[in-house]
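First comes the structure, then the notes that go with it.
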Amino acid sequence: MPELPEVETTKRGISPHVKNQRVSKVILRRKNLRWPITPALSEDLPGQVIDSVARRGKYLLLATGKGTLLIHLGMSGSLRIVDAKQAAGKHDHVDILFGNQRILRYTDPRRFGCMLWHKADISQHPLLISLGPEPLDSEFDANYLFSKSRGKSATIKTFIMDSKIVVGVGNIYANESLFMAGINPKRRAGKIALARYVKLVDCIKQVLQKAIDVGGTTLRDFTDSNGEPGYFSQSLQVYGRKGLACVACQTILKEIRLGQRSTVYCPRCQR
DNA sequence: ACTTCGACCTGTTGGC
DNA sequence: TGCCAACAGGTCGAAG
């Protein structure tokens, strides 16, 4: 479900409801997410005020005076703001109750996500420490990506999906960005010229920004924190369009697997 | 140091 | 219509 635009949409949706609000209670219904939720979370969080809601890559960071809650939505997770009396469903694993009678509810059928409580400096957290730059920051530019790519044998698609290189480019937006840039996803990252990276970086930024602007991509059941769908799925040019005609040249789009992920591209437009 | 690939889960889809 | 294999937005960490 969530790539960077979906996580950003979630962040924007929950912020007004939780920022500067005091946690009254934490309900843990299921603790075995990707990593166990430690008792420290329900011991330390109640009584704390959420000072800020931030995003780093696909991680959400809720800061308090006592520590930071680090949340990842994995493949199928979501965070919703619900009313205090709203009954919990099968996959509603964590509720964070606030003084304003609202609940921040974590739902995740596959449980690939995580919810970790960290008391020390969050920027030094092992999951964050070696992440690459944010794709929408100015430091993520063609020179950066080009220099990182030298000597790399990975395909360009796998390369831009590597969070040590750049965060937040998941399978949907990797496919879309490469289509927009006219680059064949199988091409080796180390052999692509600087000029093509100029184009690619521009396309990655455009695709992600546009997806954020319309509230993310809804596939199956993604909705924002109010239950509203995202509208970027209407803009998808290649993802999920295997066997259909390329929007630019009508050639039938091809699907292959790269790094165990489905990869759709136009064999004519993408070289 | 690098790359590849299994593993973690449940729900949905598509082919027979 | 029903069954079951294959697949799904991620990414860590072991193995090679």
Side-chain angles (χ1 to χ4, degrees), chain A residues 1-11 29-37 55-60 70-79 89-94 106-116 125-132 135 148-178 186 188-191 204 207-208 211-212 214-224 229-244 255-264:
Chain A
M1 178 192 300
E3 291 197 26
L4 186 145
E6 290 72 40
V7 178
E8 179 65 24
T9 297
T10 298
K11 181 196 131 184
R29 296 191 188 79
R30 192 146 192 172
K31 300 171 190 175
N32 59 333
L33 304 183
R34 175 160 197 167
W35 293 289
I37 297 176
R55 179 186 59 72
R56 176 74 178 98
K58 296 173 192 165
Y59 293 94
L60 285 169
L70 180 154
I71 302 170
H72 196 289
L73 301 175
M75 202 87 133
S76 57
S78 62
L79 283 170
K90 187 178 177 183
H91 302 296
D92 296 338
H93 308 310
V94 181
Y106 177 84
T107 306
D108 187 1
R110 294 177 74 178
R111 306 203 306 280
F112 285 178
C114 66
M115 200 170 267
L116 302 172
H125 193 284
L127 292 171
L128 306 183
I129 193 87
S130 54
L131 292 179
K148 278 284 183 183
S149 71
R150 294 308 91 179
K152 287 288 200 304
S153 62
T155 64
I156 185 62
K157 175 160 182 269
T158 303
F159 180 66
I160 60 173
M161 288 180 71
D162 182 347
S163 65
K164 292 189 293 302
I165 303 301
V166 57
V167 297
V169 183
N171 200 35
I172 296 176
Y173 301 110
N175 278 302
E176 295 299 311
S177 301
L178 288 167
K186 286 187 301 227
R188 303 287 148 179
K191 294 187 166 179
I204 290 171
V207 166
L208 291 175
I212 291 170
V214 299
T217 299
T218 294
L219 294 175
R220 299 187 177 81
D221 59 355
F222 174 78
T223 58
D224 68 13
Y231 291 96
F232 194 74
S233 46
Q234 297 168 9
S235 309
L236 296 175
Q237 311 281 288
V238 287
Y239 183 86
R241 299 194 67 243
K242 166 186 86 164
L244 299 177
E255 180 174 67
I256 57 173
R257 294 194 78 79
L258 291 178
Q260 307 134 289
R261 310 304 297 278
S262 86
T263 303
V264 185

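In the text below, chain A, chain B and the rest are named by the order of the sequence lines, each starting its count at 1.
When rounded to the nearest whole Å, the span between CG of A/Leu79 and P of C/dG9 equals 20 Å. Between the CG atom of A/Asn171 and the P atom of C/dA8 there is a distance of 8 Å, rounded to whole Å. Atom-to-atom, CD of A/Glu255 to C1' of B/dG14 comes out at 13 Å; the value is rounded to the nearest Å. Taking atom CZ on A/Arg188 and atom C1' on B/dT3, their separation rounds to 11 Å, with Å as the unit. Distance CG (A/Asp162) to P (B/dT4): 11 Å, rounded to an integer number of Å. Nucleotide C/dC7 holds its P atom 18 Å from the CD1 atom of A/Ile172, rounded to whole Å. The nearest whole Å value for the distance from the CZ atom in A/Arg150 to the P atom in B/dC2 is 16 Å. Rounded to whole Å, the distance from CG on A/Leu33 to C1' on B/dT10 is 13 Å.
Residue contacts for A/Arg257: at a heavy-atom cut-off of 4.0 Å it reaches the sugar-phosphate backbone alone, with no base atom in range. Looking at heavy-atom distances under 4.0 Å, A/Lys90 makes contact with sugar-phosphate atoms alone, never a base. Counting non-hydrogen atoms under 4.0 angstrom, A/Thr158 reaches nothing in the nucleic acid.
Minimum atom distance to the side chain of A/Arg111 is reached by B/dT10, of the listed C/dT11, B/dT10, C/dA8. For A/Lys152, the listed nucleotide lying nearest its side chain is B/dT3; candidates were B/dT3, C/dT11, B/dT10. Taking every side-chain heavy atom of A/His91 into account, B/dG11 is the closest of B/dG11, C/dG10, B/dG6.
The two residues A/Arg55 and A/Val7 come nearest to each other via the heavy atoms CD-CG1, 3.7 Å.
Put simply, the side chain of A/Gln260 and the base of B/dG6 share a donor and an acceptor less than 3.5 Å apart. You'll find a donor-acceptor pair under 3.5 Å spanning the side chain of A/Arg110 and the base of B/dC9, going by distance alone.
A/Tyr173 pairs by the side chain to side chain donor-acceptor pair (under 3.5 Å) definition with A/Glu6, A/Thr217, not counting sequence neighbours. Every residue two or more places apart in sequence or in another chain was checked for a side chain to side chain donor-acceptor pair (under 3.5 Å) with A/Lys191, and none qualifies. Checked against salt bridge (Lys or Arg N to Asp or Glu O under 4.0 Å), A/Lys31 has no partners two or more places apart in sequence or in another chain. The side chain to side chain donor-acceptor pair (under 3.5 Å) check on A/Arg29 picks up A/Asp95, with sequence neighbours excluded. Partners of A/Arg188 by side chain to side chain donor-acceptor pair (under 3.5 Å), not counting sequence neighbours: none found. Scanning for side-chain contact (heavy atoms from CB on, under 4.5 Å) contacts around A/Leu128 gives A/Arg56, A/Tyr59, A/Leu61, A/Leu70, A/Ile122, A/His125, A/Leu131, with sequence neighbours left out.
For the pair A/His72 and C/dG10, the criterion of a side-chain N or O lying under 4.0 Å from OP1 or OP2 is not met. Taking 4.0 angstrom as the limit, A/Ser153 places a side-chain polar atom (N or O) nearer than this to OP1 or OP2 of B/dT3. For C/dG9, the OP1/OP2 oxygens have a side-chain nitrogen or oxygen of A/Arg261 closer than 4.0 Å.
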Task: Trace of the side chain to side chain contact (heavy atoms under 4.5 Å, CB included) decision for A/Tyr106 with A/Ile37 - done: CA-CA 12 Å; A/Tyr106 177 84; A/Ile37 297 176; over 6 Å; no

Task: Watson-Crick and G-U pairing of DNA chain B written in dot-bracket, each distance under 3.5 angstrom, with | for inter-strand partners - done: .|||||||.|||||||

What pairs of donor and acceptor atoms, side-chain ones from residues 159-171 of chain A against any protein atom, are under 3.5 angstrom apart with sequence neighbours left out?
{"from": "A/Asp162", "atom 1": "OD1", "to": "A/Lys164", "atom 2": "N", "distance (Å)": "2.9"}
{"from": "A/Asn171", "atom 1": "OD1", "to": "A/Lys157", "atom 2": "NZ", "distance (Å)": "2.7"}
{"from": "A/Asn171", "atom 1": "ND2", "to": "A/Ser262", "atom 2": "O", "distance (Å)": "3.2"}

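On the P atoms, B/dC5 is 15 Å away from C/dC7, given to the nearest whole Å. C/dA6 and B/dA7 have their P atoms separated by 15 Å, given to the nearest Å.
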Please list each protein N or O that sits under 3.5 Å from an N or O in nucleotides 12-16 of chain C, with the distance.
{"from": "C/dC12", "atom 1": "OP1", "to": "A/Tyr59", "atom 2": "OH", "distance (Å)": "3.0"}
{"from": "C/dC12", "atom 1": "O4'", "to": "A/Arg34", "atom 2": "NH2", "distance (Å)": "2.6"}

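Between A/Phe112 and B/dC8, a base-stacking contact is recorded: ring centres under 5.5 Å apart, planes less than 30° from parallel.
Between A/Met115 and the choices A/Asp108, A/Ile71, A/Leu73, the side chain to side chain contact (heavy atoms under 4.5 Å, CB included) rule is met once, by A/Ile71.
At a threshold of 4.5 Å between non-hydrogen side-chain atoms, the residues A/Leu4 and A/Ile212 count as touching.
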